[in-house]
Amino acid sequence: PISMTKNNSVIVKKGGLALYKSGPVRIGTVGDKIEIELVNGKTKRVRSKDITPIHPGPVGSAKDETLKNIVQSDLSLGASKQELDSNIHDAWELMDGEPLPLADIAELIYEEITPQTIWNSWRIVSQDLYFHGTPLSIQGYPADRVETVRSERVEKERIKRERSEFIERLQSNSIIEDDHPKLSDVEMLALGKSEMSAILRDIKREQRPENAHHLLLETGYWDENYNPYPARMGVELESVTGDVAELPTEERVDLTHLKSWAIDDEGNQDPDDAISLEVDKISGREKIWVHVADVAALIEPDSELDIAARAQCSNLYLPEGTITMLPRQVTDTLGLGLQEKRSPALSFGFTISTGGEVKDITIDDIEVVTSWVKVTRTTYAEVDANIDDSNFAPLYSIALLYQQRRLTNGAINLDLPEVKISVKSDSKEIKITPLPKLKSRELVTNFMLMAGEAAARFAENREIPFPHSTQQPPKPDENGNPYPHPETPAEMYNFRKLFQRSQLKSQPDLHAGLGMEQYSQVTSPLRRYLDLVAHQQLRAWIHKRPLLDHEEITERIGAAEAVIGNTRRAERFSNRHWSMVWLRHNPEWTGDAILVDMMRQRGTFLIPELGIECRVRLQNSIELNSVIKLKLSNVDLPELTPYFRVGKN
């Protein structure tokens with residue numbers, strides 16, 4: 001029998017067993033305060049109300065580890081788990097709803113009352129399945145509650161067991177197909193949709209999208225072709241669709257008599273600009289025309305398609321395909337040269353002075369008209385092969401004159417390697433094509449810039465609220481001097497780091513990188529939303545309709561800036577991704593690279609053939625701009641990092 005007080009509580013005596021903060025302690029000296037001995041052998045003095053005696057003992061001291069053995073013992077005390085479960089169930093039934101002290105529970109379950117059985121019984125009560133209460137008054141739960149909780153715990157244990165087995169398979173790289181759905185939280189982290197993966201936590205990997213990507217490749221959940229970057233950057237992954245209105249009937253200037261050329265890369269599907277040169281037969285005066293697809297004729301401000309295009313901001317150009325900000329039907333209707341007879345355009349007419357400037361002496365020097373044009377489509381390669389003939393030589397001469405004026409005004413011409421990367425959707429065949437420096441590209445680039453400058457001046461002279469592209473010059477060096485114009489690849493590479501970020505504004509301002517006092521992008525309304533906004537303003541002015549005010553233009557600029565950064569990053573990272581996949585397919589690759597930067601023993605190289613930069617550890621110092629052979633060693637696809645070593649020249 002247990003020694004009890006009058007209120008049926010266990011007598012406090014030296015060597016007894018008590019509860020302190022839910023754990024067992026041995027009672028030591030009893031006085032004004034009670035000394036207790038913890039499982040780890042340490043002692044402390046507490047108030048009597050801080051403990052609950054559950055057995056008078058005697059319990060051995062920490063020296064013989066009696067208390068430690070009591071705590072660490074198995075609940076069954078040598079019986080089978082099935083026997084213990086049966087005893088607990090029988091004890092619960094025998095209670096028949098009546099409260100009992102802890103000692104009686106111990107006797108019902110273990111048929112004896114010892115410090116060990118008392119403590120084990122309290123552990124069983126604390127499981128909160130069959131029993132609840134205090135050591136003085138323990139009650140049994142109703143049967144329906146017991147069954148509900150038991151079922152929940154069995155299910156929870158099953159899930160825990162399966163989770164443990166899954167993690168074990170994951171770590172041993174032996175997952176099965178049924179495991180794939182369990183990797184969804186890893187995929188969410190890899191796609192930038194969440195910041196934490198429980199699986200990465202369980203296998204002790206750092207919570208980074210790149211680590212999630214690694215795991216998805218290791219398990220075969222993703223193959224190497226999967227491009228996660230558009231989703232990770234949060235850009236729209238579906239082209240805009242919707243009903244497109246018919247082209248309105250309206251008066252247009254007939255410019256079909258002009259030879260108009262739409263010059264694009266081979267395979268281009270959205271020709272939205274063309275150029276012409278009109279020569280007055282009497283005076284010999286040359287007038288330049290840049291014709292642009294009249295997209296605003298179909299897409300009015302705040303229409304359903306305008307709002308959809310605003311949300312997407314621009315086309316998303318990926319190696320595996322293009323996500324468009326407008327329905328394909330818009331391009332089919334308005335793309336220059338896609339219609340057999342003539343195409344509707346918004347045409348910019350202006351002249352270039354002998355000093356290479358867009359003439360803007362009188363308000364009528366620059367024309368903007370809705371027009372009909374007859375366009376011949378061609379490619380950069382075809383034009384470059386015929387750059388000296390009568391069709392293109394005059395155009396190229398004007399382009400060079402205009403380009404020289406921009407360079408005189410401080411324009412920066414960075415001639416760094418560029419490539420075009422394309423991926424066939426069916427076979428995933430990757431093609432990397434270096435873009436050669438062509439005179440035809442110079443020609444088209446400068447004519448598009450002319451049109452942008454002419455449009456900006458036209459809008460300013462007529463006080464038309466307009467989106468402008470601006471860029472401040474690089475900050476002076478530490479001595480207050482401007483940086484010299486870069487000439488070598490290394491100078492160009494490092495000068496690029498000095499560029500101030502370009503900004504979109506509702507007021508004209510300097511664009512230092514282009515060497516222009518003011519500039520607006522207006523030549524790509526099929527694929528850039530703010531070009532479309534500029535066209536909407538110009539058409540409204542032409543037809544004497546209400547204009548968007550400066551606040552509305554600023555709102556549209558803000559909407560574009562909120563999206564465009566992620567769009568450009570998605571394109572840049574996607575190109576890098578497919579370059580890395582290409583390298584994985586070509587593990588023996590060796591090629592030329594240009595050293596453009598050096599820090600300690602690590603050199604930064606540009607690889608013209610692939611359009612990428614990389615860092616390589618060098619054993620010996622070499623001069624900047626040197627061309628050396630690099631050989632591929634390895635590719636870390638999720639980190640977008642190739643590893644090269646210096647090869648044999």
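- The closest side-chain donor-acceptor pair between E320 and N227 falls under 3.5 angstrom.
- We find that E35 and K44 are not joined by a salt bridge, their nearest charged nitrogen and carboxylate oxygen being 4.0 Å or further apart.
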Indicate every side-chain donor-acceptor pair of residues 154-161 with a distance under 3.5 Å to a residue at least two apart or in another chain.
unit_1	atom_1	unit_2	atom_2	d
E155	OE1	R158	NE	3.1
E155	OE2	R158	NE	3.4
E155	OE2	R158	NH2	2.4
R158	NH1	E162	OE1	2.9
R158	NH1	E162	OE2	2.8

*Mind running side-chain contact (heavy atoms from CB on, under 4.5 Å) on L108 and L100 for me, showing each step along the way?*
CA-CA 10 Å; L108 287 172; L100 294 176; 3.8 Å; yes
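- For R232 (side chain) and A190 (main-chain N/O), a donor-acceptor pair under 3.5 Å exists by modelled atom type.
- Looking at I594 and F605, their side chains never come closer than 4.5 Å, going by heavy atoms from C-beta outward.
- Inspection of the Y529 and Q312 side chains reveals no N or O donor paired with an N or O acceptor under 3.5 Å.
- By the 6.0 Å contact criterion, CG on N40 is enclosed, its count of non-hydrogen atoms from other residues, nucleotides or ligands being greater than 12.
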Which pairs would a plain distance check flag for residues 606-622, meaning a side-chain donor or acceptor within less than 3.5 Å of a matching protein atom at least two apart in sequence or in another chain?
unit_1	atom_1	unit_2	atom_2	d
E609	OE2	W589	NE1	3.1
E613	OE2	Y493	OH	3.0

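- At a threshold of 4.5 Å between non-hydrogen side-chain atoms, the residues I199 and R163 count as touching.
- The main-chain N or O of M95 is never found under 3.5 Å from a side-chain atom of E98 such that the two would form a donor-acceptor pair.
- Interatomic distance, CG of D597 versus OG1 of T604, reported as 5.0 Å (0.5 Å rounding).
- Between D50 and K21, no side-chain nitrogen of the basic residue sits less than 4.0 Å from a carboxylate oxygen of the acidic one, so the salt-bridge criterion is not met.
- Proximity of a side-chain donor or acceptor of N494 to a complementary backbone N or O of A490 within less than 3.5 Å is detected.
- For the residue pair E571 and Y317, the shortest heavy atom distance occurs at OE2-N, 2.9 Å.
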*Start with the C-alpha gap between I70 and V59, add the side-chain angles, then the distance that decides, and say whether side-chain contact (heavy atoms from CB on, under 4.5 Å) holds.*
CA-CA 9 Å; I70 288 174; V59 175; 4.2 Å; yes
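- Residue K475 qualifies as open at atom NZ: its count of foreign heavy atoms under 6.0 Å is 12 or below.
- Not one N or O on the side chain of W222 forms a donor-acceptor pair closer than 3.5 Å with the backbone of L215.
- Smallest separation of non-hydrogen atoms from D178 and P181: O-CD, 3.3 Å.
- Annotation for L624 and M598: closest pair CD2-N, 4.2 Å, computed over non-hydrogen atoms.
- In this structure, V149 and D128 approach most closely via the heavy-atom pair CG1-O, 4.5 Å.
- No donor-acceptor pair closer than 3.5 Å links the side chain of D179 to the backbone N or O of I175.
- For CD of E304, the number of neighbouring non-hydrogen atoms (other residues, nucleotides, ligands) closer than 6.0 Å is 12 at most.
- When atom types are taken as modelled, the side chain of Q207 and the backbone of S197 share a donor-acceptor pair closer than 3.5 angstrom.
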*Take F644 and L583 through the test side-chain contact (heavy atoms from CB on, under 4.5 Å) and record every step on the way to the result.*
CA-CA 11 Å; F644 297 89; L583 283 170; 4.2 Å; yes
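- The structure places CH2 of W119 at 8.0 Å from CG of L17, a figure rounded to the nearest 0.5 Å.
- Minimum heavy-atom separation, I124 to L75: CG1-CD2, 4.1 Å.
- Side-chain contact between L200 and N211: present, with at least one pair of heavy atoms (C-beta onward) separated by less than 4.5 Å.
- Between L183 and H180 there is a side-chain heavy-atom pair separated by less than 4.5 Å.
- Between atom CG of residue N225 and atom NE2 of residue H577 there is a gap of 6.5 Å, rounded to the nearest 0.5 Å.
- Side chain to side chain, S174 and S172 meet the donor-acceptor criterion of an N or O pair below 3.5 Å.
- The closest donor-acceptor contact from the side chain of E418 to the backbone of P434 lies at 3.5 Å or more, if one exists at all.
- Atom-to-atom distance recorded for I113:CD1 and I54:CD1 is 12.0 Å, nearest 0.5 angstrom.
- Ring-centre distance between W582 and H585: not below the 6.0 Å cut-off.
- Residues T43 and I36 fail the side-chain proximity criterion, which asks for heavy atoms closer than 4.5 Å.
- Counting only heavy atoms from C-beta outward, the side chains of N315 and T567 never approach each other to under 4.5 Å.
- The environment of K193 atom NZ is dense: over 12 non-hydrogen atoms of other residues, nucleotides or ligands sit within 6.0 angstrom.
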*Could you give me the CA-CA distance, side-chain angles and deciding distance for H132 and Q139, then say whether side-chain contact (heavy atoms from CB on, under 4.5 Å) is met?*
CA-CA 6 Å; H132 66 102; Q139 292 182 303; 3.7 Å; yes
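- Between the side chains of Q116 and N120, at least one donor N or O sits under 3.5 Å from an acceptor N or O.
- The backbone N or O of G15 lies less than 3.5 Å from no partner atom in the side chain of R26, so there is not a single donor-acceptor pair.
- Atoms CG and CZ, on D85 and R150 in that order, are 8.0 Å from each other to the nearest 0.5 Å.
- Annotation: K182, atom NZ; neighbour count of heavy atoms from other residues, nucleotides and ligands within 6.0 Å is above 12.
- A donor-acceptor contact shorter than 3.5 Å is absent between the side chain of D104 and the backbone of P101.
- Side-chain contact check for V419 versus I421: some heavy-atom pair is nearer than 4.5 Å.
- Checked for salt-bridge contact, E639 and R208 meet the test: a charged N lies under 4.0 Å from a carboxylate O.
- R569 and N566 form a side-chain donor-acceptor contact under 3.5 Å, judged by distance and modelled atom types alone.
- Checking T134 against S137 by side-chain atom types alone, no donor-acceptor pair falls below 3.5 Å.
- Nearest heavy atoms, L595 versus G603: CD1-CA, 3.7 Å.
- Residues E83 and S76 have side chains not in contact (no heavy-atom distance under 4.5 Å, counting atoms from C-beta outward).
- Checked by atom type and distance alone, the side chain of S314 never pairs as donor or acceptor with a backbone atom of R528 at under 3.5 Å.
- With a 6.0 Å cutoff to the six-membered ring centre and a 45° limit on the axis angle, R145 counts as a cation-pi contact of Y141.
- Counting non-hydrogen atoms of other residues, nucleotides and ligands closer than 6.0 Å to CD of E168 gives a total of 12 or fewer.
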_Working for salt bridge (Lys or Arg N to Asp or Glu O under 4.0 Å), residues K42 and E37_ = CA-CA 6 Å; K42 294 182 179 180; E37 186 177 298; over 6 Å; no
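- Here the OG-CG distance, from S574 to L318, works out to 4.5 Å after rounding to the nearest 0.5 Å.
- The residues D74 and K81 are annotated as not salt-bridged, no charged nitrogen and carboxylate oxygen being separated by less than 4.0 angstrom.
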